[in-house]
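Read through the structure below, which is laid out as structure tokens, and then see the notes.
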Amino acid sequence: MKKTILVAGSTGNLGLRIVNTLAAKDVTVRVLVRSNCSAEKLNAFERLGAEICKVENWNIDEIKTHCIGVSCVVSVLAGLRDVVIDAQKVLLDAAIAASVPRFIPSDYSLDFTKFSYGENRNLDWRREFHEYLDKCPIAATSVFNGAFMELLLDEMPMIIFKKQIVIYWGRADYKWGFTTMDNTAEYTANVAIDDRSPRYLRIAGEVHKTISEITGSKFKFIRIGGQGLLGMFIKLGRFFSPGKNDLYPAWQGMQYMHNMIDERSKIEVLDNNRYSGINWKTVEVLLMENNFKNYK
Ligand SMILES: NC(=O)c1ccc[n+]([C@@H]2O[C@H](COP(=O)([O-])OP(=O)(O)OC[C@H]3O[C@@H](n4cnc5c(N)ncnc54)[C@H](OP(=O)(O)O)[C@@H]3O)[C@@H](O)[C@H]2O)c1
């Protein structure tokens with residue numbers, strides 16, 4: 001019998017990609033959408049052959065009915081504490097109430113298991129959610145993909161192509177973990193149908209090269225400072241622009257950077273090869289596809 005996979009957060013950037021990948025596999029895809037979901041997105045789900053489950057009120061009883069017969073609930077919710085902890089707990093409790101055996105929490109981040117509370121606000125919420133999840137009678141798998149590679153194109157102010165400079169914190173020879181959103185989605189779709197997936201899986205499209213190897217010698221490297229200075233910037237940023245209701249205030253991006261240049265986020269073993277058929281995109285290819293053809 002075909003497995004049924006339910007995706008919550010299916011209308012989002014990563015969620016939609018996961019639904020797309022699952023739709024091409026031999027599974028039934030159920031998408032959990034809020035009642036205000038646009039007709040455009042509903043039509044897209046219909047075209048993919050997904051079963052659409054509209055939720056009026058995000059509560060256990062209502063979501064439980066959509067979880068009956070599901071073999072894995074994939075959470076791709078994104079938001080502040082009220083989403084990552086509160087809404088995700090409702091989703092998890094509903095899955096358990098419907099006897100769903102497996103759950104994928106909305107992590108898709110660097111591996112925060114070696115970090116402590118206070119080092120990254122957004123990852124703290126995930127950690128707090130894990131504390132609850134790991135006590136629940138359901139098997140869970142987290143996907144750790146480092147940072148989305150696409151952030152290098154604009155949001156992560158690191159490679160300034162026009163000026164041919166690389167601005168960095170920490171060490172220029174540090175090996176980073178970046179994965180494209182599509183690769184993360186493809187991998188997560190495989191995890192969703194893999195009954196034997198372990199608690200944590202770590203992936204990266206590019207770890208074998210440093211940024212200096214990727215960009216080449218023509219780029220000028222400017223080191224701003226180390227973790228100490230970055231820590232001060234974070235404190236100042238948080239003081240002057242708390243952005244409590246913003247999901248990604250500038251200081252939170254700096255917290256992510258602080259974590260990424262930390263030895264504890266170093267990826268020792270990758271699980272990329274657990275599933276075949278994924279064409280892992282490297283930073284170089286992504287840059288070329290985005291018209292930085294002569295970047296070296
Ligand atoms: N590693 C990285 O570099 C990186 C970067 C960005 C994101 N991420 C992670 O990737 C995951 C997905 O992020 P994304 O950017 O794809 O998110 P997104 O596009 O903002 O989508 C968020 C999804 O969550 C749903 N949602 C939000 N609040 C909700 C609530 N209260 N109740 C129910 N559903 C709610 C939204 O539904 P509606 O459409 O109904 O609002 C939407 O489907 C998150 O875990 C995020 O933190 C990682």
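Predicted model only: the values in this text are computed from it and were never measured. We count ligands from 1, going down the list as the structure has it; atoms in each ligand are counted the same way. Reckoned from all heavy atoms, side chains included, excluding hydrogens, waters and symmetry mates.
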Using a strict cut-off of less than 4.0 Å between a Lys/Arg side-chain nitrogen and an Asp/Glu carboxylate oxygen, indicate whether Arg171 and Glu263 qualify as a salt bridge. yes

Does the plane of the ring in Tyr187 sit parallel, tilted or perpendicular to the ring in Tyr275? Use 30° and 60° as the thresholds. perpendicular

Which of the numbered atoms in ligand 1 are below 4.0 angstrom from a heavy atom of Leu14? 10 (O), 16 (O)

Where does Met181 meet ligand 1, judged by heavy-atom distances below 4.0 Å: at the side chain, the backbone, both, or neither? neither

Are Asp93 and Lys64 within salt-bridge range, i.e. N to O under 4.0 Å? no

Heavy-atom check, side chain of Leu32 versus side chain of Leu91, under 4.5 Å: yes

Taking 4.0 angstrom as the limit and counting only heavy atoms of Leu151, give me the atoms of ligand 1 inside it, by number and element. 3 (O)

So is Gly146 touching ligand 1 or not, going by heavy atoms under 4.0 Å? yes

Does only the side chain of Asn145 get under 4.0 Å from ligand 1, or the backbone, or both, or neither? Count heavy atoms. side chain

Heavy-atom gap Asp107 to ligand 1 smaller than 4.0 Å: yes

How far apart are the C-alpha atoms of Lys3 and Asp195, what are their side-chain angles, what is the distance that settles it, and do they pass the salt bridge (Lys or Arg N to Asp or Glu O under 4.0 Å) test? CA-CA 11 Å; Lys3 283 180 179 167; Asp195 293 333; 3.1 Å; yes

Among all the protein's non-hydrogen atoms, which is closest to atom 44 (C) of ligand 1, and how far away is it? Ser106 OG, 3.4 Å

Looking at Trp58, Tyr108, Phe178, the heavy atom closest to atom 1 (N) of ligand 1 belongs to Tyr108

Write out the residue and atom name of the closest protein heavy atom to atom 38 (P) of ligand 1, then the distance separating them to 0.1 Å. Thr11 OG1, 3.4 Å

Thinking salt bridges, do Glu289 and Lys281 make one under a 4.0 Å N-O criterion? yes

Exercise: do Ser75 and Gln88 side chains pair donor with acceptor under 3.5 Å: yes

Using heavy-atom distances only, which candidate in Ala185, Ala87, Ala78, Gly177 approaches atom 24 (O) of ligand 1 most closely? Ala78

Arg127 charged N/C atom sitting above Tyr117 aromatic ring, 6.0 Å / 45°: yes

Does only the side chain of Val76 get under 4.0 Å from ligand 1, or the backbone, or both, or neither? Count heavy atoms. both

Check against salt bridge (Lys or Arg N to Asp or Glu O under 4.0 Å), Arg102 and Asp194: CA-CA 10 Å; Arg102 300 179 57 242; Asp194 172 7; 5.8 Å; no

With a cut-off of under 6.0 Å to the ring centre and 45° to the axis, is Lys89 in cation-pi contact with Phe129? no

In terms of residue, atom name and distance, what is the protein heavy atom nearest to atom 7 (C) of ligand 1? Tyr248 OH, 3.4 Å

Can you tell me which residue and heavy atom of the protein come closest to atom 41 (O) of ligand 1, and the distance to 0.1 Å? Arg34 NH2, 2.9 Å

According to the interplanar angle, ranging from 0 to 90°, do the rings of Trp169 and Phe233 count as parallel (below 30°), tilted (30 to 60°) or perpendicular (above 60°)? perpendicular

Quick one: look up the protein heavy atom nearest atom 5 (C) of ligand 1 and list residue, atom name and how far away it is. Phe148 CD1, 3.2 Å

How far is atom 47 (O) of ligand 1 from its nearest protein heavy atom, and which residue and atom is that? Arg126 NH2, 2.4 Å

How about Asn36: does its CG atom have over 12 heavy atoms from other parts shown lying under 6.0 Å from it? yes

Number the atoms of ligand 1 from 1 as they appear, then name those within less than 4.0 Å of a heavy atom of Tyr256, with their elements. 1 (N)

What protein heavy atom sits nearest atom 21 (O) of ligand 1, and how far off is it? Gly12 CA, 3.2 Å

Gly9 heavy atoms within 4.0 Å reach ligand 1 at atoms 23 (C), 43 (O)

Which residue supplies the protein heavy atom nearest to atom 19 (O) of ligand 1, what is that atom called, and how far is it? Asn13 N, 2.8 Å

